[in-house]
Amino acid sequence: MSNSVNAETLSVIPVLGRDVIFCGRNVVRDHMAKELQRSGKHILSKSKHVVITDENVHPLHFSALEEALLAAGVSEILCKVLPSGEHVKCREVKALIEDWMLECGCGRDSVIYALGGGVIGDLAGYVAATFCRGVPVVQVPTSLLAMVDASIGGKTALNPPAGKNLIGSFHQPTYIFSDLSFLDTLPRRQVNNGLAECLKAFAMADPEMFERCERGLGDDHNSPECQALLAEVVAKAMQFKADIVSRDEKENGVRALLNFGHTVGHAIEAYRHDSLLHGECVAIGMVKECEVARALGHLPSNGVGRMVRALRANHLPTSLPGGLSVDDLMNKMTVDKKTVGGIKKCVLLSDIGSTVEKGASDVEDAVLRMVLARSLSVVPPTSPINGKIRVPGSKSISNRVLLLAALGKGSCRITGLLHSDDTQVMMAALRALGAADFSWEENGHVLVVEGRGGIGMHASAQPIYLGNAGTASRFLTTAVCLCKEGGSSVLCGNNRMHERPIGDLVRTLRRDQSQSIEYLQSEGCLPLRLGGGGLPGGDVTLTASVSSQYVSSLLMSAPYAESPLTIHIEGGRAVSETYITMTVKLMTKFGVQVEVVREPGVLMYRVPQGVYQNPAEFEVEADASSATYPLALGAITNGEVTVEGVGDHSLQGDAGFYKLLEMMGCSVRVTHNTTTVPA
């Protein structure tokens, strides 16, 4: 395969030692006839060339295939057009095709072309495997899912009433012509459907490509950048599967890796095939099987978070659909062909880019039931709970540090960052505003932020979608005002976000008409159009009841204001002041000293002008609120529990929970970054 892949590249990928896959834009029009004439004379010599397709694909792509075959020298082309849908992948339709072929005089000197998605590929492939004891099949996939998965490897199958793909055969295609221009005719959902299988491959073996997909492939699939990235994604996903098939053609070992997400995914698909596409079911299955790996101690929580984030970025579902019971799913998994001797098997990740075994692992029913359950019964422990744990990073610190490092100058390696929707949209927004570059190292455990010191920030050409990330929306509303180039930016979110108030912060930013901020729907809520142009300094007075996040938002952007900024809090006391104190201490760690004036009835924050200087490394504390649960569990059961990442140097107010335990009679050991409830 060519090392440099773009939308116009022809990728030639071998399978089982022979060039089989030809992938690129317009590959059917520009390359298929030439390749058949060069290496496919045994195909062209057949007397009957049979195209099997469906009613949706036929009007779109049959003429291109027909022209390619005629150009190659084929004289007689037969075409069978089937109804569209999974229901045709059955014994009855297979028999109908075979009878029709026999009526047309087809024999062993026939070749079948599967023109369509995975259903057509599986069905036509199985017909080819059994017709006259086997005739060649050429796969011409028209969906992304079929290109990267179903067309490669020779698996053919039907769906009997008992389950999916339970009757079939291995029958390797002679050629696979994957024409990326065919994807232009697909609805967005179908493209996303295929991306699930690409993410599956990258999650197991290519962490670099997985990271690139975590941002999503972009909303404009017709843009040159998106088409180039898609071409690379498709080629690398194909290469992954081709390599696996070449090592294990009949799924006796490593080929079982290709079933990642499919143990659970097929069970979901059995019940929801009418509303969910195959890739969507696999996407949910990958999340659940990642949760299985986490429950068994193989995969860290950030691995699960990254999987969820990557799927959501590519508009794929991550949660079980309603109306499915655990028993329903377990029953389907019991009759799945991957189950051996009653033992269910899942491919388990040890990290993004690696697996626990070079194949599927045995998983006990109890673990699967726990992961699939929508609720759990809490059973009082009968013995002390002991152990060490590090809970996920603090969301409050994670969002603040992302903004400070982006506005700061230089490189900052952040560890312990919370993987969440909030942090994801914060990074995406800061990237869109030109504030910083972000990259992952050590397989997603270290985030490297290359801050630009506030220089060159510009308006985003596209609306910045924040979902329901309330913290990010408040911090970014002020930060967008720092953009001095490119006009205005729009901040928006989901329906819930558009109900959350932000009016007090907007009124402060609008003072003296210094900022052009427009509500695009409801007064006082997102979406907002912010004109940018710079943040004024001077004096600002806020009521004591104003949200601490509004105060923190102003504080963090204040060093880049046009003059020093002083914030006065009416009455001398702020709501949730501990979070403002957290912000001030974090700003100090990034090189900006905020003067806090506290007198009877007076509370002021004086922020000088300056530029944040990024520390080389920064460790985000574990979330102190989450830490209270294991600590309480240790105290109640008389066990010894240590929570790492939270200690007496913590910036979080909830880190003081240990004092409450002491008041209740527990002895507690606290270091600068651990808290222990001893037995």
Side-chain angles (χ1 to χ4, degrees), residues 21-23 25 27-28 32 50-65 79-90 93-94 97 112-129 137-159 164-165 168 171 173 175-201 221 230 233-234 237-238 241 258 261-262 265-266 269-270 272-283 314-316:
I21 302 173
F22 298 82
C23 174
R25 288 191 69 81
V27 73
V28 169
M32 184 175 183
V50 180
V51 177
I52 299 176
T53 187
D54 69 36
E55 60 191 2
N56 290 340
V57 171
H58 182 267
L60 295 172
H61 305 306
F62 173 72
S63 61
L65 176 58
C79 184
K80 184 65 174 177
V81 181
L82 301 173
S84 177
E86 186 86 17
H87 66 283
V88 303
K89 197 171 144 181
C90 63
V93 173
K94 179 175 182 286
I97 295 170
I112 292 176
Y113 299 83
L115 176 66
V119 169
I120 290 296
D122 280 1
L123 175 60
Y126 193 31
V127 171
V137 62
V138 175
Q139 294 279 352
V140 188
T142 59
S143 71
L144 180 54
L145 185 68
M147 289 181 185
V148 300
D149 186 41
S151 66
I152 305 171
K155 281 188 176 181
T156 69
L158 303 178
N159 298 338
K164 187 176 175 66
N165 296 334
H171 189 61
Y175 292 104
I176 303 170
F177 293 99
S178 294
D179 194 325
L180 298 182
S181 65
F182 287 0
L183 302 181
D184 297 344
T185 64
L186 292 178
R188 173 66 182 268
R189 185 184 178 194
Q190 284 287 353
V191 175
N192 297 336
N193 182 45
L195 287 175
E197 291 286 350
C198 300
L199 286 168
K200 177 194 78 174
H221 283 182
L230 182 61
V233 165
V234 171
M238 285 177 168
K241 182 162 186 182
L258 299 175
H262 286 62
H266 275 173
E269 192 172 7
R272 290 291 181 269
H273 59 82
D274 56 339
S275 57
L276 289 173
L277 302 174
H278 172 75
E280 293 170 337
C281 294
V282 170
N314 291 285
H315 309 286
L316 287 160

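Between Val140 and Val51, the closest side-chain pair of non-hydrogen atoms is not below 4.5 Å. Inter-residue side-chain proximity for Gln190 and Asn193 is flagged as met; some heavy-atom pair is nearer than 4.5 Å. Contact check for Cys23 versus Met238: side-chain heavy atoms found under the 4.5 Å cut-off. The side-chain heavy atoms of Ile21 and Ile152, taken from C-beta on, include a pair separated by under 4.5 Å. Annotation: side chain of Pro173 is in contact with side chain of Val137 (closest heavy-atom distance under 4.5 Å). Between Ile120 and Val57, the closest side-chain pair of non-hydrogen atoms is not below 4.5 Å. For the pair His315 and Leu195, the minimum side-chain heavy-atom distance is 4.5 Å or more. Looking at Val81 and Phe62, their side chains never come closer than 4.5 Å, going by heavy atoms from C-beta outward.
Remark: the backbone N or O of Glu55 is not paired with any side-chain donor or acceptor of Ser84 at under 3.5 angstrom. Between the side chain of Asn314 and the backbone N or O of Leu316 there is no donor-acceptor pair closer than 3.5 Å. Under a 3.5 Å cut-off, the side chain of Lys241 and the backbone N or O of Val148 do not form any donor-acceptor pair.
Residue Val88 comes nearest to Pro83 through the heavy atom pair CG1-O, 3.4 Å, listed as atom of the first residue, atom of the second, then distance. The two residues His58 and Cys79 come nearest to each other via the heavy atoms CD2-SG, 3.7 Å. Residues Gly117 and Ala146 approach most closely at C-CB, 3.7 Å, considering heavy atoms. Residues Ser143 and Gly118 share a closest heavy-atom pair of OG-N, 4.2 Å. Closest approach of Thr156 and Gly125 over heavy atoms only: CG2-C, 3.3 Å. The two atoms that bring Val28 and Ala64 nearest to each other are CG1-O, 3.6 Å, heavy atoms only.
For the atom pair OG of Ser178 and CZ of Arg25, the computed distance is 13.5 Å after rounding to the nearest 0.5 Å. Ser151 OG to Gln139 CD: the interatomic distance, rounded to the nearest 0.5 Å, is 6.0 Å. We find the CD-CG distance between Glu86 and Leu123 to be 10.5 Å, quoted to the nearest 0.5 Å. Taken to the nearest 0.5 Å, the CG atom of Leu145 stands 5.5 Å off from the CD atom of Glu197. Atom-to-atom distance recorded for His87:NE2 and Asp274:CG is 13.0 Å, nearest 0.5 angstrom. Rounded to the nearest 0.5 Å, atoms CE (Met147) and OG1 (Thr142) are 7.0 Å apart.
Shown here are the ring-ring contact (aromatic ring centres under 6.0 Å, His included) partners of Tyr126, two or more places apart in sequence or in another chain: there are none. Not counting sequence neighbours, the partners of Asp122 by the side chain to side chain contact (heavy atoms under 4.5 Å, CB included) test are Lys89, Ala150, Asn165. Judged as a side chain to side chain donor-acceptor pair (under 3.5 Å), and not counting sequence neighbours, the contacts of Glu280 are Arg189.
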* Asked: Run the side chain to side chain contact (heavy atoms under 4.5 Å, CB included) check on Leu65 and Thr53 step by step: do they pass?
  -> CA-CA 11 Å; Leu65 176 58; Thr53 187; over 6 Å; no
* Derivation and outcome, side chain to side chain contact (heavy atoms under 4.5 Å, CB included), residues Met32 and Val27 -> CA-CA 6 Å; Met32 184 175 183; Val27 73; over 6 Å; no
* Asked: Taking it one step at a time, do His278 and His266 satisfy ring pair (Phe, Tyr, Trp, His ring centres under 6.0 Å)?
  -> CA-CA 8 Å; His278 172 75; His266 275 173; 5.7 Å; yes
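Ring orientation note: the planes of Phe22 and Tyr175 are tilted relative to one another, at an angle of 30° to 60°.
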